[in-house]
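In what follows, chains carry the letters A, B, and so on, assigned in the order in which the sequence lines appear, proteins first and then strands, with residues in each chain numbered from 1.
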Amino acid sequence: MSQDAIVVLDFETTGLSPAQGDRAIEIGAVKLKQGVVVDRFQQLMNPGFAVNSFIAGYTGITNEMLRLAPSCETVMTDFAAFIDGCQLVAHNASFDQKFLAAELARIHVPQSQPFACSLLLARRLFQDAPNHQLGTLVSYLAIENDGVFHRALNDAEVTASLWLELTAAVTQRWACPAPSFELMLKLQRQPKHQLERFMKKQMA
DNA sequence: TGCCAGGCCCTCTTTAGGGCCTT
């Protein structure tokens, strides 16, 4: 897999914490090369137990839909191949990263790819947004969408568009052509009041 | 025993508390 590919991913899960026994029930992902979507991945997966009514209502993913889905282990084996050699992005990446690491650990695959966070970047680059929930940012930036949220591929698609908006904002604000993934990783860790100083140093 | 997410980030901060964000 080429090293310049970025996979923007989103998990739907049975809850908030793999440490408390929660599992993934759907993975959706969009692969970008030089800002263009070149591949997609979407798969429901059976966690081995029933999802509660809140999750079914929140995601629209029912136990009936999951009953015939392949196991998490089967799906994650395929997904590990999909993301091999790629850099990763998610909205509130700490959430998706812990589920990705937990599900990959079950099939004895380490999670070693660098992981950028569109939430941390949006808090820095779109400070005027009403808030930084994914749905709000989609409206704020007029990102094209089909009105479906909380399904993995739909959320991954709009997060990929958000990623491109974030890189475009860096380009526009600091005259930085094609900001690298590594630059975005560093930027998401900068205190807000030091953004100008940081970018000035980067562009010098 | 009782409780049960956790990282980020702001502020009435750092010997802490609470909102934001993800499902």
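Checking B:dA5, B:dC9, B:dT23 against the side-chain heavy atoms of A:Ser17 singles out B:dA5 as nearest. Across B:dG6, B:dT23, B:dC21, the shortest atom-to-atom separation from the side chain of A:Phe95 is found for B:dT23. Taking only side-chain atoms of A:Thr13, from C-beta outward, the nucleotide of B:dG7, B:dT22, B:dT23 with the closest atom is B:dT23. Distance from the side chain of A:Leu120 is smallest to B:dC8 among B:dC8, B:dT23, B:dC21.
Look at CG on A:Leu119: it is 8 Å from C1' on B:dT22, rounded to the nearest Å. Here the P atom of nucleotide B:dC3 and the CG atom of A:Leu16 are 20 Å apart, to the nearest Å. One atom, CD of A:Gln97, and another, C1' of B:dC21, lie 15 Å apart when rounded to the nearest Å. Per the geometry, CD belonging to A:Glu26 stands 16 Å off P belonging to B:dT22, to the nearest Å. Rounded to an integer number of Å, the gap from A:Leu125 CG to B:dC9 P is 12 Å. The distance between atom CD1 of A:Ile25 and atom P of B:dT22, rounded to the nearest whole Å, is 16 Å. The CD-P distance, from A:Gln20 to B:dG7, rounds to 13 Å in whole Å.
Annotation: B:dG6 and B:dT23 have their C1' atoms spaced 13 Å apart (nearest Å). B:dC3 and B:dG7: their P atoms are spaced 23 Å apart (whole Å). Distance noted for atom P between B:dC12 and B:dG18: 15 Å (whole Å). Here, B:dC9 and B:dT13 have their C1' atoms 12 Å apart, quoted to the whole Å. A distance of about 13 Å separates the C1' atoms of B:dT14 and B:dC10, rounded to the whole Å.
Between A:Glu73 and A:Arg23 there is a salt bridge, since a side-chain N of the basic residue sits under 4.0 Å from a carboxylate O of the acidic one.
Distances shown here put a side-chain N or O of A:Arg189 below 4.0 Å from the OP1 or OP2 atom of B:dC8. Note on A:Arg124: a side-chain N or O is less than 4.0 Å away from OP1 or OP2 of B:dC9. Residue A:His150 places at least one side-chain N or O closer than 4.0 Å to OP1 or OP2 of B:dT23.
Annotation: of the two residues near DNA chain B, A:Asn92 and A:Lys192, the 5′-most nearest-nucleotide partner is A:Lys192. Mapped onto DNA chain B by nearest heavy atom, A:Gly15 and A:Lys98 fall at different nucleotides, with A:Lys98 at the one closer to the 5' end.
Residue A:Asp10 is in sugar-phosphate contact alone, with no base atom involved, counting any heavy-atom pair closer than 4.0 Å across all strands shown. Using a 4.0 Å heavy-atom distance criterion, A:Thr14 is classed as making no nucleic acid contact. Within 4.0 Å (heavy atoms only), A:Asn131 reaches sugar-phosphate atoms of the nucleic acid but no base atom. Here A:Phe99 lies out of heavy-atom contact (under 4.0 Å) with every strand. Residue contacts for A:Asn52: at a heavy-atom cut-off of 4.0 Å it reaches no nucleic acid atom on any strand shown.
Stacking of A:Lys31 on the aromatic ring of A:Phe41 is not recorded, the 6.0 Å distance cut-off and the 45° axial limit not both being met.
Of the N and O atoms on the side chains of A:Thr14 and A:Asp22, at least one donor lies less than 3.5 Å from an acceptor on the other residue. Side-chain N/O atoms of A:Gln202 and A:Trp174 include no donor and acceptor closer than 3.5 Å. A:Asn154 and A:Asn145 share no donor-acceptor pair across their side chains, judged by distance under 3.5 Å alone.
Counting heavy atoms from C-beta on, the side chains of A:Ile61 and A:Arg151 come closer than 4.5 Å.
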